[in-house]
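One-based numbering, in listed order, for ligands and for the atoms of each. Every value quoted in this text rests on a predicted model; they were computed, and no experiment measured them.
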Amino acid sequence: MKRIISVVGARPNFIKIAPVHRAFQKYGKSIEHKICHTGQHFDEKMSKIFFDELLMPKPDFYLGLGGGSHAVQTAKIMMEFEKILIEEKPDLVIVPGDVNSTLAASIVAVKLHIPVAHVESGLRSFDRRMPEEINRILTDEISDYLFVTEKSGLENLEHEGVSKNKVYFVGNVMIDSLIHFMPVIDKSNVLEELKLRKGEYILSTFHRPSNVDTKKDLQELIKAINMIASLEKLVFPVHPRTRNNMINFGLFDNINENVILLDPIGYIEFLSLTKNAKLVITDSGGIQEETTFLGIQCITVRDSTERPVTSEIGTNHIIGTDLDKVVASAKHILDGNIKVGRLPDLWDGKAAERIAELIYKSI
Ligand code: UDP
């Protein structure tokens, strides 16, 4: 029996590991797949609801990390995860995405000579002020299996001199989850609950430090959101980081009444809102991919993307952080000037099956 531990910490990680866990079940007793939750995202709305909705088992290990600075989070995960690895001695550690848990777990594993598989490898925004970019570069550098979602990932890794023998173009596990849960998503009645009609609202999320961490940036962002919401009703599930900053900067009451402010919502409701929106405006990574898959127009309020396929062939518009341009772009799209996208290669719902098979054959 081969023993594998996947390490998850934050909301997007749960969505990426769910299909991998499901794919391993096919191998019965030949593979034992355990899940370690670092606790980077820990509350009901950012964590538990995803395990429930994505039908994931309770994590086998829970590190109870909680919040803290980047250094504190990384260090605490390393200290706790090392104990688990010494005790468990797995044959492989899987790390998805680009959060602090991803990097911390990889460092601990390679130093104990346990191979590491990075799911969603090779993505680069080329913006080293993003903590995620540092996590991606370093994790790729020390991983043994690099599972890539889009062609840019292959090019980036080649450019960085990573041996081709370690790199596998498998597709996108986030899209696996979306395809798998589509029948459930289609049954959601979140639109009725929020009194929304298909194609007649905008969905928005923001949580990147570059948009929400200073009072000035957040104030400007809220002004832009209000302006856009005067064109079309806007639904805004607020990430805890953004909510805390809105409260601390005294900006919470600045939102106008055309904005439906929500707590973070579960995966099924969120994807139902995405699928039926006229436009999505976000600074998220994963949402750029989900909108491309669903053919929904997406404005990305960032200067760069690590997922260029979503803009090159998908429905993503990378507008930058100049909010006048964001408002102008929203108007333009709402007026019907839309991008017709197509699906990136291998975003077919089978990425996790490919990963499981490759791992089964190699370890
Ligand atoms: N998401 C969700 N509820 C929300 C907001 C987002 O379920 O209220 C999902 C969304 O569908 C996507 C994932 O969370 O799959 C993206 O996570 P996030 O934007 O937090 O992280 P990023 O992708 O930017 O790392």
Side-chain angles (χ1 to χ4, degrees), residues 8-19 40-54 56 95-103 119-120 123-125 127 130-136 139 149-150 172-182 184-185 188 190 193-194 202-212 234-243 259-277 280-294 296 298-302 304-307 310 316 318 347 351:
V8 292
R11 174 167 72 183
N13 293 166
F14 313 139
I15 302 166
K16 289 165 197 167
I17 283 299
Q40 199 180 328
H41 281 166
F42 47 88
D43 66 18
E44 171 82 30
K45 291 185 174 120
M46 295 296 285
S47 171
K48 183 170 182 304
I49 188 165
F50 291 90
F51 277 79
D52 294 346
E53 288 189 342
L54 298 165
M56 298 235 278
V95 292
D98 55 19
V99 297
N100 290 337
S101 307
T102 314
L103 175 62
V119 172
E120 200 185 78
L123 297 181
R124 298 289 182 269
S125 67
D127 175 0
M130 289 180 77
E132 297 89 345
E133 181 75 351
I134 306 302
N135 293 340
R136 291 180 201 118
T139 303
T149 54
E150 63 166 81
N172 191 327
V173 287
M174 202 136 196
I175 301 305
D176 290 5
S177 275
L178 184 43
I179 292 174
H180 184 80
F181 287 101
M182 195 61 85
V184 188
I185 292 164
S188 163
V190 64
E193 279 166 22
L194 295 175
I202 300 167
L203 175 65
S204 210
T205 75
F206 287 96
H207 69 287
R208 293 257 108 73
S210 53
N211 282 325
V212 306
L234 188 147
V235 187
F236 184 11
V238 188
H239 189 280
R241 175 187 199 99
T242 311
R243 174 174 294 266
V259 178
I260 305 178
L261 269 192
L262 303 172
D263 281 340
I265 53 178
Y267 180 70
I268 301 298
E269 290 192 330
F270 190 83
L271 263 307
S272 173
L273 284 176
T274 307
K275 189 176 177 188
N276 293 297
V280 172
I281 306 179
T282 190
D283 58 10
S284 161
I287 296 170
Q288 298 175 57
E289 298 179 335
E290 290 162 336
T291 46
T292 274
F293 181 81
L294 294 168
I296 299 294
C298 176
I299 291 180
T300 298
V301 185
R302 286 174 41 190
S304 58
T305 182
E306 60 289 331
R307 293 158 160 92
T310 59
N316 192 12
I318 313 292
W347 288 21

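Neither the backbone nor the side chain of Glu269 has any atom closer than 4.0 Å to an atom of ligand 1 (non-hydrogen atoms only). The residue Thr274 has no part lying near ligand 1, judged by heavy-atom distances below 4.0 Å.
Shown here are the ring-ring contact (aromatic ring centres under 6.0 Å, His included) partners of Phe181, two or more places apart in sequence or in another chain: there are none. Every residue meeting the ring-ring contact (aromatic ring centres under 6.0 Å, His included) condition with Phe14, not counting sequence neighbours, appears here in chain and number order: His37, Phe51.
Listed by number with element, the atoms of ligand 1 under 4.0 Å from a non-hydrogen atom of Pro264 are 8 (O). Listed by atom number, the atoms of ligand 1 under 4.0 Å from Phe50 heavy atoms are 2 (C), 7 (O). Of all atoms in ligand 1, listed by their number and element, those nearer than 4.0 Å to a heavy atom of Pro237 are 8 (O). Close approach of ligand 1 to Arg208 (heavy-atom distance below 4.0 Å) involves ligand atoms 24 (O), 25 (O). Within the listing of ligand 1, atoms 7 (O) sit less than 4.0 angstrom from a heavy atom of Tyr267. Residue contact check: Leu271 has heavy atoms under 4.0 Å from atoms 11 (O) of ligand 1. With ligand atoms numbered from 1 in the order given, ligand 1 contributes 22 (P), 23 (O), 24 (O) to contacts under 4.0 Å with heavy atoms of Gly285.
Between the side chain of Thr242 and the backbone N or O of Phe206 there is at least one donor-acceptor pair closer than 3.5 Å. Counting only distance, with no hydrogens or angles, the side chain of Glu133 and the backbone of Ser125 share a donor-acceptor pair below 3.5 Å. The main-chain N or O of Ile15 is found under 3.5 Å from a side-chain atom of Ser177 such that the two form a donor-acceptor pair. A donor-acceptor pair under 3.5 Å is absent between the side-chain atoms of Thr102 and the main chain of Val95, judged by distance alone.
Using a cutoff of 4.0 Å between basic side-chain nitrogens and carboxylate oxygens, Asp98 and Arg136 are scored as salt-bridged.
Of all heavy-atom pairs spanning Ser272 and Val190, the tightest one is OG-CG1, 3.6 Å.
Given atom 8 (O) of ligand 1, the protein heavy atom at minimum distance is Ile265 N, 3.0 Å. Taking atom 23 (O) of ligand 1 as the reference point, the nearest protein heavy-atom neighbour is Gly286 N, 2.7 Å. The protein non-hydrogen atom at the shortest distance from atom 13 (C) of ligand 1 is Ile15 CD1, 3.6 Å. Of the protein's non-hydrogen atoms, Pro12 CG, 3.6 Å is the one closest to atom 25 (O) of ligand 1.
Using 4.0 Å as the threshold, Gly266 has a heavy atom nearer than that to some atom of ligand 1.
Inclusion of Arg11 in the set of residues having an N or O under 3.5 Å from an N or O of ligand 1 is warranted. Between Glu290 and ligand 1, at least one N/O pair is under 3.5 Å apart. In terms of N/O distances under 3.5 Å, ligand 1 is approached by Ser284.
Residues Asn316 and Thr300 bring a donor and an acceptor atom of their side chains to less than 3.5 Å of each other. No donor-acceptor contact under 3.5 angstrom links the side chains of Glu290 and Thr274, judged on distance only.
In this structure, of Met174, His207, Lys45, the residue bringing a heavy atom nearest to atom 18 (P) of ligand 1 is His207.
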### Task
Output, in order, the C-alpha distance, side-chain angles, deciding distance and verdict of side chain to side chain contact (heavy atoms under 4.5 Å, CB included) for Ser284 and His239.
CA-CA 11 Å; Ser284 161; His239 189 280; over 6 Å; no

